[in-house]
Amino acid sequence: MRPEGVRSYARGEILRGPLRSVAYAALAAARDVGDPAATAAARAAGYAAATPYIHPLATPHQAKHALGPVMYVARAREIAAGDDTGIGDEEIRWAIEHAPAAVRGIVRRMPVFSPGRSRLDALRHQLDAALRR
């Protein structure tokens, strides 16, 4: 399946089954690429492709699947801009402003994230906290 599989799924053109291979391919690319921004972008793609597989068990792992696409895109953009955290914060703000009610409902059922120590943890916490409001 081609990388546009996630968009095809969103348009109702394919079932979710083929997205599993897209997710695995993207996550494998994240491990294989040597560029940190490309690694974060590939992880974002992998989590986006895996989104239809989120199940109703409210675990930290499932919460990471729900928030992963946005937090990894934000981190990829930061790294690509020379670690400019303002770029990542801008991406998180955009995602918060455009998040559908259904996404907010899913996040509210998941465990709350603490700020953590890494920049990725901070992005995840910022996104998580805002989507719960």
Side-chain angles (χ1 to χ4, degrees):
M1 169 166 282
R2 296 174 148 165
E4 61 267 3
V6 175
R7 288 189 184 105
S8 297
Y9 172 79
R11 290 189 302 261
E13 297 168 0
I14 63 169
L15 299 176
R16 75 178 188 166
L19 291 179
R20 190 176 304 272
S21 63
V22 171
Y24 288 143
L27 293 174
R31 287 188 303 273
D32 294 341
V33 71
D35 176 79
T39 296
R43 285 188 178 135
Y47 280 113
T51 299
Y53 296 98
I54 294 174
H55 56 73
L57 296 177
T59 66
H61 182 76
Q62 291 303 308
K64 187 175 180 181
H65 279 283
L67 302 177
V70 173
M71 59 191 227
Y72 278 106
V73 163
R75 187 65 186 129
R77 291 192 61 215
E78 284 181 351
I79 295 167
D83 263 336
D84 181 348
T85 58
I87 298 292
D89 292 339
E90 178 184 302
E91 186 72 31
I92 295 294
R93 279 191 302 276
W94 187 93
I96 292 163
E97 290 170 10
H98 292 87
V103 170
R104 293 173 183 275
I106 290 169
V107 170
R108 287 181 186 123
R109 290 193 303 266
M110 299 291 174
V112 175
F113 282 112
S114 63
R117 290 187 261 180
S118 73
R119 177 62 182 154
L120 198 59
D121 289 341
L123 290 168
R124 181 173 56 186
H125 175 69
Q126 181 183 351
L127 179 61
D128 181 71
L131 291 175
R132 290 174 185 281
R133 292 186 205 128

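The line from CG of D89 to CG of D84 is 9.0 Å long, rounded to the nearest 0.5 Å. One finds the CD1 atom of I106 at 10.5 Å from the CG atom of L131 (value rounded to the nearest 0.5 Å). For the atom pair H125 NE2 and S118 OG, the distance stands at 12.5 Å (nearest 0.5 Å).
Side-chain heavy atoms closer than 4.5 Å link hydrophobic residues (I, L, V, M, F, W, Y) into clusters, and following such links, possibly through other members, connects F113 to M71. The same ILVMFWY cluster, assembled from side-chain heavy atoms under 4.5 Å apart, contains both L123 and I96. Y47 and L120 end up in the same hydrophobic cluster when Ile, Leu, Val, Met, Phe, Trp and Tyr side chains are linked at under 4.5 Å.
Taking all atoms of both residues into account, the shortest heavy-atom contact from R119 to E78 is NH2-OE2, 2.6 Å. What you find for R43 and Y72 is that their closest heavy atoms are CD-CE2, 3.5 Å. In terms of heavy atoms, A44 sits closest to P69 at CB-O, 3.6 Å. For A76 against A41, the heavy-atom pair with the smallest separation is CB-N, 3.6 Å. Pairing each heavy atom of L127 with each of A95, the nearest pair is CD1-CB, 4.4 Å. Shortest non-hydrogen contact noted between A23 and G46 is CB-O, 3.6 Å.
Between the side chain of R31 and the main chain of T39, no donor-acceptor pair closer than 3.5 Å is present.
Salt bridge annotation for R75-D83: present, with a cationic side-chain nitrogen under 4.0 angstrom from a carboxylate oxygen. A salt bridge links D128 with R132: the closest approach of a Lys/Arg side-chain nitrogen to an acidic carboxylate oxygen falls below 4.0 angstrom.
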